[in-house]
Amino acid sequence: MNAGRIGADAIAAKGRWGAHKWLILRRSSQLAILALFLAGPWFGLWIVKGNLNFSYTLGLLPLTDPYVLLQSVLAGHRPERNALIGVAIVAAFYLLVGGRVFCAWVCPVNPVTDLAAWLRNRLGIKGGAHISRHARFWILSMTLVLALATGSIAWELVNPVSMLHRGLFFGLGLAWTVVLAVFLLDLFVMNRAWCGHLCPVGAFYSLLGRRSPLRVAATRRSACNDCNDCFAVCPEPLVIKAPLKDGDKGVGPTIVSAQCTNCGRCIDVCAKDVFTFGIHFARPVSNQAGATQAASK
Amino acid sequence: MTTARRQFIFDAARMACGVGLLGLGLGLYVKQAQALPSVVFRPPGAGAEKDFLGACIRCGLCVRDCPPQILALAKPEQPIATGTPYFIARSGPCEMCENIPCVKACPTGALDHKLTDITKARMGLAVLVDHETCLNFLGLRCDVCYRVCPLIDKAITLEPRHNERTGRHTIFEPVVHSDACTGCGKCEAGCVLQIAAIKVYPTALAKGELGSHYRIGWEEKRKAGGSLVAPEIEHQYNMPEGLKYEHGKGLAPSGPPPAPGVGVDALRVPNPGRNAAPLGGVPQNIPGGGLADRLSIEAPR
């Protein structure tokens with residue numbers, strides 16, 4: 001365990017850029033997506049219309065959020081063509097790159113909760129409530145059951161993710177209070193409470209990309225010096241443990257848990273360059289079990 | 001093992017109860033959100049509110065493609081389902097674009113793509129609610145709601161009636177016809193009053209409905225192409241014995257000649273037995289609207 005701040009060793013070993021490469025790329029991706037959506041309402045440059053639930057790019061490319069469309073279908077609606085084409089494209093994309101890539105690279109709530117986690121760490125706030133990381137799947141199930149039972153897309157009434165994203169382009173209103181609540185929840189009540197424990201959107205996308213080939217792997221795990229920076233910086237630290245530490249038990253080095261967001265922060269903060277992005281086609285069986293075992297401990 | 005299983009069951013129960021409680025709250029909120037305020041309207045092609053909330057994915061494409069920019073997406077603090085599109089008739093009515101771009105933009109069909117003729121849209125129904133302040137009802141010729149109506153003379157007509165106050169003018173009463181009104185709200189937006197006398201309401205609030213067992217006689221007759229009561233009975237005036245009155249023909253004796261002293265002579269009806277004058281000539285002998293009227297006036301005494 002190093003005494004310094006998270007990533008200090010990595011900065012010393014790889015320089016500022018080397019220790020923040022994936023973080024900067026990720027923030028660029030988030031900003032670029034926001035900028036594309038904002039260009040219309042702010043500058044009248046209509047490259048993209050809509051929001052994350054459905055967007056239409058250059059009058060050609062429809063993109064539909066599979067989660068909201070699934071709720072609509074469960075509510076008893078038969079969508080038109082554009083929504084269906086859009087959902088096929090989006091689903092295919094996340095099947096390839098990993099479902100929770102949405103969380104780390106696209107979702108507008110991620111910078112908010114990342115800021116809360118960073119601040120929590122800097123201020124040394126510890127402890128708080130404990131909720132299982134499986135809660136999100138229960139909430140996900142609840143939203144789907146509600147759509148079916150009420151014939152209404154219930155979750156969209158309160159969803160902070162779409163509320164923030166939509167609000168930025170169509171008028172925020174009091175949606176900022178909901179976003180602030182998520183921020184304070186993550187900061188004071190519980191570490192990584194929203195994205196790591198509760199959010200059903202992330203839970204849905206994790207299921208979508210369960211078998212995706214694009215994975216982070218601890219390819220040079222023998223070089224690990226147990227500094228624990230990767231665990232400290234990871235929004236889903238349980239996913240790292242088995243691939244990094246259980247090599248002697250026959251666990252492969254690839255992080256195969258569906259909860260990995262492919263954010264690449266572990267790659268950044270590792271001074272020993274243990275982690276890399278790679279392609280992995282094997283079925284997530286043994287390591288999945290490892291991850292859930294770790295989760296139940 | 002048993003303790004582990006017990007723990008698992010307890011954990012699952014705790015989670016189910018917690019999330020169930022959340023779900024209950026959200027479910028009740030859904031019920032609330034399904035009640036749309038009566039001043040708020042959905043874009044053309046939206047179905048019933050309950051169906052719309054299951055079909056609309058809150059993307060805002062209709063808002064973007066609305067040429068007059070009257071649509072907005074609901075904010076969380078508004079009493080409208082968060083993120084759904086709406087317009088307010090009084091401040092920004094639907095302009096009824098012929099090509100309906102909002103419907104075309106809708107990716108899910110929450111705005112029904114089968115709606116291709118904007119005059120077939122049913123966003124609500126205008127009602128002239130306040131007969132006490134409407135300028136036309138006061139006898140003035142405001143007519144603004146009628147003039148701005150995109151379906152003038154179909155959705156709103158002016159029906160003349162006598163102005164009892166002045167005794168010599170006409171009141172032109174604006175009347176909305178539900179078979180043509182799209183609920184666009186142009187009339188409500190155009191109403192010159194401080195608060196509009198004509199307002200658009202959700203159709204369910206504005207429109208009455210006959211009981212399903214009701215049949216309107218004359219319509220059933222028209223549909224059937226003839227009377228459904230067989231045989232059709234001709235109206236007969238109830239006359240003293242020996243007399244018959246037919247509308248347009250007049251009074252005539254009928255049946256056997258009446259016995260003397262019945263009063264027929266007193267009514268100066270010639271006795272056909274004695275006089276072979278044509279029957280049609282009889283009523284002309286009776287002044288003041290004919291015998292039937294006089295008899296009916298005298299009858300109650």
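- Proximity to chain A involves both the backbone and the side chain of B:Ala16, based on heavy atoms less than 4.5 angstrom apart.
- Of the atoms belonging to B:Ala33, it is side-chain heavy atoms, and not backbone ones, that fall under 4.5 Å from chain A.
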task: Quick one: do B:Val200 and B:Phe41 satisfy side-chain contact (heavy atoms from CB on, under 4.5 Å)? Show the steps, please.
output: CA-CA 9 Å; B:Val200 183; B:Phe41 295 91; 3.6 Å; yes
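- Interface remark: A:Leu172 contributes backbone atoms only to the contact with chain B (heavy atom separation under 4.5 Å).
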field: side-chain contact (heavy atoms from CB on, under 4.5 Å) assessment of B:Ile216 paired with B:Leu210
entry: CA-CA 10 Å; B:Ile216 294 175; B:Leu210 289 173; 3.8 Å; yes
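- Note that SG of B:Cys94 is 5.0 Å distant from CD1 of B:Ile70, once rounded to the nearest 0.5 Å.
- In this structure, A:Pro62 and A:Ile85 approach most closely via the heavy-atom pair CG-CG2, 3.9 Å.
- Contact count versus chain B (heavy atoms, under 4.5 Å) is highest, among A:Val68, A:Leu157, A:Val178, A:Leu146, for A:Leu157.
- In this structure, chain A has heavy atoms under 4.5 Å from both the backbone and the side chain of B:Pro107.
- In terms of heavy-atom pairs under 4.5 angstrom with chain A, the leader among B:Ala81, B:Ala105, B:Gly23 is B:Gly23.
- Taking B:Gly60, B:Ala55, B:Ala110, B:Cys62 one by one and counting their heavy-atom pairs under 4.5 Å with chain A, the maximum is reached by B:Ala55.
- Shown here are the ring pair (Phe, Tyr, Trp, His ring centres under 6.0 Å) partners of A:Tyr205, two or more places apart in sequence or in another chain: A:Tyr94, A:Phe102.
- Note: A:Ala154 leads A:Ala149, A:Ala154, A:Ala75 in heavy-atom pairs under 4.5 Å with chain B.
- With a 4.5 angstrom heavy-atom cutoff, A:Val158 touches chain B only via side-chain atoms.
- Residues B:Leu193 and B:Leu135 are in side-chain contact: their nearest non-hydrogen atoms beyond the backbone lie under 4.5 Å apart.
- Distance check: A:Leu84 CG to A:Leu69 CG gives 6.5 Å after rounding to the nearest 0.5 Å.
- Atom CZ of A:Arg100 and atom SG of A:Cys260 lie 9.0 Å apart (nearest 0.5 Å).
- No donor-acceptor pair closer than 3.5 Å links the side chain of A:Thr261 to the backbone N or O of A:Ala104.
- Heavy atoms only, all atoms of each residue included: A:Phe204 and A:Pro66 are closest at CE2-CB, 3.7 Å.
- Here the CE-CD1 distance, from A:Met190 to A:Ile131, works out to 4.5 Å after rounding to the nearest 0.5 Å.
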Donor-acceptor pairs under 3.5 Å, chain A to chain B, main chain and side chains both?
residue  : atom : partner  : partner atom : Å
A:Lys49  : NZ   : B:Asp65  : OD1          : 2.7
A:Asn51  : ND2  : B:Arg58  : O            : 3.0
A:Asn51  : ND2  : B:Cys59  : O            : 3.3
A:Asn53  : ND2  : B:Ile57  : O            : 2.8
A:Ser72  : OG   : B:Gly54  : O            : 2.8
A:His77  : NE2  : B:Thr108 : O            : 2.6
A:Glu80  : N    : B:Thr108 : O            : 3.0
A:Ala83  : N    : B:Pro107 : O            : 3.3
A:Thr150 : O    : B:Gln34  : NE2          : 3.4
A:Thr150 : O    : B:Lys50  : NZ           : 3.2
A:Ile153 : N    : B:Leu53  : O            : 3.0
A:Leu157 : O    : B:Thr82  : OG1          : 3.2
A:Arg166 : NE   : B:Arg58  : O            : 3.3
A:Phe169 : O    : B:Arg64  : NH2          : 2.8
A:Leu174 : N    : B:Glu77  : OE1          : 2.8
A:Leu174 : N    : B:Glu77  : OE2          : 3.3

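- Only the side chain of B:Val63 comes within less than 4.5 Å of a heavy atom of chain A; its backbone N, CA, C and O stay farther away.
- Only the backbone of B:Cys56 comes within contact range of chain A, with at least one heavy atom under 4.5 Å from a heavy atom of that chain.
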